[in-house]
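Numbering of ligands and ligand atoms starts at 1, following listing order.
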Amino acid sequence: QELKGEVRFERVSFFHSDHPVLHNVSFHAQPGQTIGLLGETGAGKTSLLHLIPRLYEKHSGEIYLDDNPIEVFDTKSLRKQISLVPQDVHLFSGSVRSNIAWGKENAKMSEVVEAAKQAQIHSFIKTLPDGYDTVLGQKGVTFSGGQKQRLSIARALVRKPKILILDDSTSALDAYTEMKLLNSLKTQQCTVFIVAQKISSLKEANQILLLHQGKLIAQGSHEELLNESPYYREVFQS
Ligand code: DGT
Ligand code: MG
């Protein structure tokens with residue numbers, strides 16, 4: 001089925017082996033919204049996000065995509081429409097173009113360039129000896145951490161996802177580049193989940209989900225959380 005990009009969790013709990021990871025998590029993301037996730041290491045951010053393309057199965061509660069329980073979707077069609085940029089980037093020693101088109105090998109060159117522009121990596125690629133045909137690791141071509149992150153975001157965007165999950169994928173970007181990237185994502189018709197370590201990365205999000213030890217301890221806009229959550233103010237505002 002075609003996704004619209006609405007995601008709803010209702011009292012979702014999840015365990016790794018017997019270890020409780022998420023406890024009674026509820027939120028509602030509308031199509032096209034940007035949802036920020038914030039929380040200390042081990043809070044459950046990655047686990048929560050992995051439930052959306054069904055990389056894990058929830059243990060109780062309900063997850064709805066649009067208005068359908070997530071179980072009615074087959075995982076293959078879900079993963080076509082949901083792009084997840086994992087916390088650690090996987091690039092291979094092929095060309096820049098094939099790294100971006102990985103998983104969508106029939107992508108046209110114009111689509112690859114478009115995705116690279118949105119990911120704010122196009123102008124860097126143009127400076128490489130062979131542009132999009134440059135092979136990673138050859139001719140001394142190396143990418144910085146932030147360039148690798150943007151390349152993997154371009155890879156996610158070329159699939160034109162309805163839901164885009166950025167799991168700490170902008171941590172190596174400077175604030176200005178990150179802002180340009182997030183602004184360009186807003187013009188996409190897609191729901192964006194973004195994990196970040198800093199409040200500054202999430203200021204523009206429609207909602208921020210604040211996780212602590214697997215529980216959603218606060219949710220709302222930046223202004224709402226500033227007013228309502230001492231934890232938000234004290235721990236993340238740096
Ligand atoms: P991060 O990436 O360090 O900021 O942390 P989060 O918020 O992404 O945390 P997450 O979801 O990776 O881990 C939550 C809890 O689940 C944490 O206690 C570690 C545990 N956990 C994560 N992955 C696995 C796994 O594959 N197996 C087991 N048994 N536990 C896991
Ligand atoms: Mg994580």
Side-chain angles (χ1 to χ4, degrees), residues 7-29 33-63 65 70 75 78-79 82-91 119 145-146 148-153 155-157 161 163-175 178 181-182 185 191-203 205-220 222 225 229-238:
V7 180
R8 191 148 53 92
F9 275 48
E10 284 187 359
R11 296 183 307 280
V12 171
S13 295
F14 171 70
F15 295 75
H16 271 303
S17 342
D18 281 337
H19 176 71
V21 173
L22 293 173
H23 182 72
N24 262 347
V25 170
S26 301
F27 67 88
H28 189 177
Q33 283 194 330
T34 300
I35 310 297
L37 275 91
L38 201 60
E40 81 280 356
T41 180
K45 305 179 294 296
T46 297
S47 303
L48 185 159
L49 294 174
H50 279 27
L51 292 171
I52 300 173
R54 294 186 74 186
L55 295 174
Y56 301 143
E57 299 292 336
K58 66 182 170 54
H59 289 255
S60 63
E62 271 312 326
I63 300 175
L65 299 178
I70 195 167
T75 52
L78 272 190
R79 288 169 203 169
I82 302 175
S83 284
L84 186 145
V85 182
Q87 215 163 344
D88 26 64
V89 178
H90 302 285
L91 299 176
K148 285 182 192 159
Q149 285 186 334
R150 281 177 281 166
L151 213 53
S152 61
I153 292 169
R155 175 189 288 171
L157 287 171
I163 299 173
L164 173 66
I165 299 173
L166 302 176
D167 191 352
D168 221 350
S169 312
T170 58
S171 56
L173 304 190
D174 61 88
E178 185 182 39
L181 171 77
L182 295 178
L185 293 181
T191 309
V192 179
F193 289 88
I194 173 170
V195 174
Q197 304 297 340
K198 301 180 303 272
I199 287 183
S200 59
S201 312
L202 302 177
K203 270 189 178 149
N206 299 93
Q207 294 180 59
I208 298 168
L209 309 178
L210 183 51
L211 280 169
H212 179 61
Q213 296 178 355
K215 296 198 179 90
L216 203 48
I217 59 165
Q219 65 188 110
H222 172 65
L225 294 192
S229 172
Y231 183 70
Y232 182 75
R233 283 197 299 271
E234 283 157 27
V235 180
F236 296 101
Q237 197 164 37
S238 51

Novice: For ligand 1, is G39 a contact, meaning one of its heavy atoms is under 4.0 Å away?
Specialist: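 Distance cut 4.0 Å: G39 fails for ligand 1.
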
Novice: Parallel, tilted or perpendicular, judged at 30° and 60°: which one describes the rings of F27 and F193?
Specialist: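 Plane angle over 60°, so perpendicular.
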
Novice: How many angstroms lie between CG in L78 and CG in L55, if you round to the nearest 0.5 Å?
Specialist: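 That separation rounds to 9.5 Å.
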
Novice: Within the protein, is there a heavy atom lying under 4.0 Å from atom 14 (C) of ligand 1?
Specialist: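 Under the 4.0 Å cut-off, atom 14 (C) of ligand 1 does have protein heavy-atom neighbours.
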
Novice: Grab the two heavy atoms, one from I63 and one from L51, that are nearest each other, plus how far apart they are.
Specialist: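 Where I63 meets L51 most closely, the heavy atoms are CD1-CB, 3.9 Å.
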
Novice: Quick check on the Mg ion (ligand 2): does T46 put an N/O/S atom closer than 2.8 Å to it?
Specialist: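 Under 2.8 Å: T46 contacts the Mg ion (ligand 2) through an N, O or S atom.
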
Novice: Going by the angle between their ring planes, with limits at 30° and 60°, are Y56 and F14 parallel, tilted or perpendicular?
Specialist: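 Y56 and F14: parallel rings.
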
Novice: Give a yes-or-no answer on whether the side chains of S201 and E178 include a donor-acceptor pair shorter than 3.5 Å.
Specialist: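 There is such a pair (donor and acceptor under 3.5 Å, judged by atom type) between the side chains of S201 and E178.
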
Novice: Could you work out, for atom 2 (O) of ligand 1, the closest of H16, E40, Q87, Q197 by heavy-atom distance?
Specialist: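 The option holding the nearest heavy atom is Q87.
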
Novice: Within ligand 1, which atoms have a heavy atom of S17 less than 4.0 Å away?
Specialist: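 Reading through ligand 1 atom by atom, the close ones are 29 (N).
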
Novice: I need the contact type for V21 against ligand 1. Using non-hydrogen atoms and a strict under-4.0 Å cut-off, is it side chain, backbone, both or neither?
Specialist: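 It is the side chain that touches ligand 1; the backbone stays farther off.
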
Novice: Distance under 4.0 Å to a non-hydrogen atom of A43: what atoms of ligand 1 satisfy this?
Specialist: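 Here the atoms of ligand 1 in question are 7 (O), 9 (O).
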
Novice: Numbering the atoms of ligand 1 from 1, which are under 4.0 Å from a heavy atom of H19?
Specialist: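 Those of ligand 1 that fall under 4.0 Å from H19 are 18 (O).
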
Novice: Near S47, which atoms of ligand 1 are under 4.0 Å from a heavy atom of that residue?
Specialist: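 Atoms satisfying the 4.0 Å criterion: 10 (P), 11 (O), 13 (O), 14 (C).
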
Novice: Run the numbers for me: atoms of ligand 1, each under 4.0 Å from some heavy atom of G42, listed by number.
Specialist: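 Those atoms are 1 (P), 3 (O), 5 (O), 6 (P), 7 (O), 9 (O), 14 (C), 15 (C), 17 (C).
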
Novice: Which pair of heavy atoms, one from Q149 and one from D168, lies closest together, and at what distance?
Specialist: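 It is NE2-O, 3.5 Å.
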
Novice: Examine T41 and say whether one of its N/O/S atoms is closer to the Mg ion (ligand 2) than 2.8 Å.
Specialist: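 Of the N, O and S atoms in T41, none lies under 2.8 Å from the Mg ion (ligand 2), which means no.
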
Novice: Taking Q213's backbone N and O only, do any of them form a donor-acceptor pair with E40's side chain (distance below 3.5 Å, no angle check)?
Specialist: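 Yes, E40 side chain to Q213 backbone: donor-acceptor pair under 3.5 Å.
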
